[in-house]
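The next block holds one structure in the form of structure tokens; read it before the comments.
What's counted below: heavy atoms across the whole structure, side chains too, no hydrogens, waters or symmetry copies. Nothing here was measured: the structure is a model prediction, and the numbers come from that model.
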Amino acid sequence: MNIIYELNPPKILRGDYINLSNLNHELEKFLYRASVISGITKHIHLTDSVLGIPRLSSITAAQMLSRRLDKKTTNLTCSVRTRDRNMNSIIQTVADSIISGIKGLLFIQGDKPNYGSSVVNSLAPKPTEVISTLDSLGFRDLIDLDLSIPNKISNMDSFHKKIKVRPHSFITQSISSIEEITKLKLLLESEFENVDTINGGGGKIGIFKIKLIPCIMVPSPKNQKAASMIGLDWSKYKDNIYEFIEQMNGLGITEILLTSPNSFDEGISILKKIAK
């Protein structure tokens with residue numbers, strides 16, 4: 001099983017202003033952490049302004065890492081917020097990513113920004129629209145194009161729209177139980193059986209090729225605030241995270257995304273044990 005480790009690029013602002021000295025310090029810490037991760041797993045995912053807080057661009061951060069880490073053995077993927085961009089800027093971003101050797105991009109709408117309008121830009125493309133446009137322009141053959149899905153599917157229309165654009169992978173929100181990932185896997189399999197209807201009678205689109213990547217948050221006291229913010233209840237795996245991951249492996253899950261937003265040391269400790 002491949003373990004992808006999620007890493008947040010540095011925040012740009014300290015309080016309500018930019019402090020270049022502090023930013024450079026945080027950048028060095030970020031680069032150091034990435035080097036530690038790359039010694040354990042070769043898969044690193046960089047986030048894009050989590051909670052709408054301005055951070056160094058995930059693409060810029062990946063470009064910096066690609067100069068520090070071994071390009072041949074390190075797979076870098078990035079989140080890209082669509083609500084902050086128009087289609088032209090997204091195409092530029094994707095082209096930059098390909099040239100930089102980034103393996104894949106996860107398109108998300110993103111949380112409302114801390115600065116500027118709190119209303120979703122009506123002109124900003126939705127993640128599904130982004131992948132559809134990029135596909136029509138031939139980008140699918142050059143870089144993995146991914147989408148996020150909830151840990152529990154409540155809006156089937158939205159889910160069908162995501163299936164129709166055929167992302168390379170579905171990356172889940174933080175999973176709370178093996179039952180959740182089992183239901184998601186079964187749902188994908190059942191949707192494949194009904195794909196002729198979903199695709200307007202156009203034939204099977206190979207839904208079985210859409211990889212399902214569960215996100216797992218490290219159960220740590222320091223991560224409790226982050227878990228509470230997204231309504232994550234990790235009680236079912238808090239004391240047996242390794243068994244939890246083994247169960248996913250038994251379901252045929254080949255990749256997971258491990259996140260520990262507020263405790264790097266505990267995240268690395270778990271990562272090391274999983275890697276063994």
* To do: Identify the two heavy atoms, one from Leu232 and one from Ser176, that lie closest to each other, and give their separation to 0.1 Å.
  => CD1-CB, 3.8 Å
* To do: Could you check Glu243 against Lys236 for salt bridge (Lys or Arg N to Asp or Glu O under 4.0 Å), going step by step and ending with a plain yes or no?
  => CA-CA 11 Å; Glu243 180 183 340; Lys236 289 188 177 181; over 6 Å; no
* Asked: Do Glu28 and Arg68 sit within salt-bridge range, that is, some charged N less than 4.0 Å from a carboxylate O?
  -> yes
* Asked: Is the shortest side-chain N to carboxylate O distance from Asp135 to Arg166 below 4.0 Å?
  -> yes
* Structure fact -> Paired with Met217, the side-chain contact (heavy atoms from CB on, under 4.5 Å) test is passed by just one of Leu257, Thr259, Asn262, Ile241, namely Thr259
* **Gap separating the CG atom of Asn249 from the CD atom of Glu255, nearest 0.5 angstrom** => 12.0 Å
* Nearest-0.5 Å distance, CD1 of residue Ile175 to CG of residue Leu184 -> 5.5 Å
* To do: Side-chain contact test, heavy atoms from C-beta onward, threshold under 4.5 Å: evaluate it for Val94 versus Leu105 and give yes or no.
  => yes
* Asked: Above 12 or not: heavy atoms from other molecules or residues under 6.0 Å from OH of Tyr32?
  -> no
* To do: Measure the shortest side-chain to side-chain distance between Ser220 and Gln224 over non-hydrogen atoms and say whether it is less than 4.5 angstrom.
  => no
* To do: Flag the pair Leu65 / Leu76 as yes when at least one side-chain heavy-atom distance between them is below 4.5 Å, and no otherwise.
  => yes
* Are side-chain heavy atoms of Tyr5 and His43 found at a separation under 4.5 Å? -> no
* Asked: If you measure from OH on Tyr242 to CD1 on Ile274, what distance do you get to the nearest 0.5 Å?
  -> 6.5 Å
* To do: Decide yes or no for Leu187 and Ile153: does some side-chain heavy atom of the first lie under 4.5 Å from some side-chain heavy atom of the second?
  => yes
* Asked: Quick one: do Glu189 and Lys185 make a salt bridge, cutoff under 4.0 Å?
  -> yes
* Lys/Arg-Asp/Glu bridge criterion (N-O < 4.0 Å) met for Lys29, Glu26 -> yes
* What are the two closest heavy atoms between Leu46 and Ser58, and how far apart are they? -> CD1-O, 3.6 Å
* For Lys42, does the NZ atom have more than 12 heavy-atom neighbours from other residues, nucleotides or ligands under 6.0 Å away? -> yes
* Taking side chain as C-beta onward, heavy atoms only, is Met1 less than 4.5 Å from Ile3? -> yes
* Assess whether atom NZ of Lys103 is packed by more than 12 heavy atoms of other residues, nucleotides or ligands within 6.0 Å. => yes
* **Any Phe170 side-chain heavy atom under 4.5 Å of Asp146 side chain** => no
* Asked: Counting only heavy atoms not in Met156, do more than 12 fall under 6.0 Å of its CE?
  -> yes
* Enter the distance from Ile44:CD1 to Ser38:OG here, rounded to the nearest 0.5 Å. => 5.5 Å
* State whether Asp144 and Lys211 are salt-bridged, where the test is any N-O pair (Lys NZ or Arg NE/NH1/NH2 against Asp/Glu carboxylate O) under 4.0 Å. => no
* To do: Measure the shortest side-chain to side-chain distance between Thr133 and Pro125 over non-hydrogen atoms and say whether it is less than 4.5 angstrom.
  => no
* **Nearest heavy-atom neighbours spanning Pro127 and Gln109** => CG-N, 3.6 Å
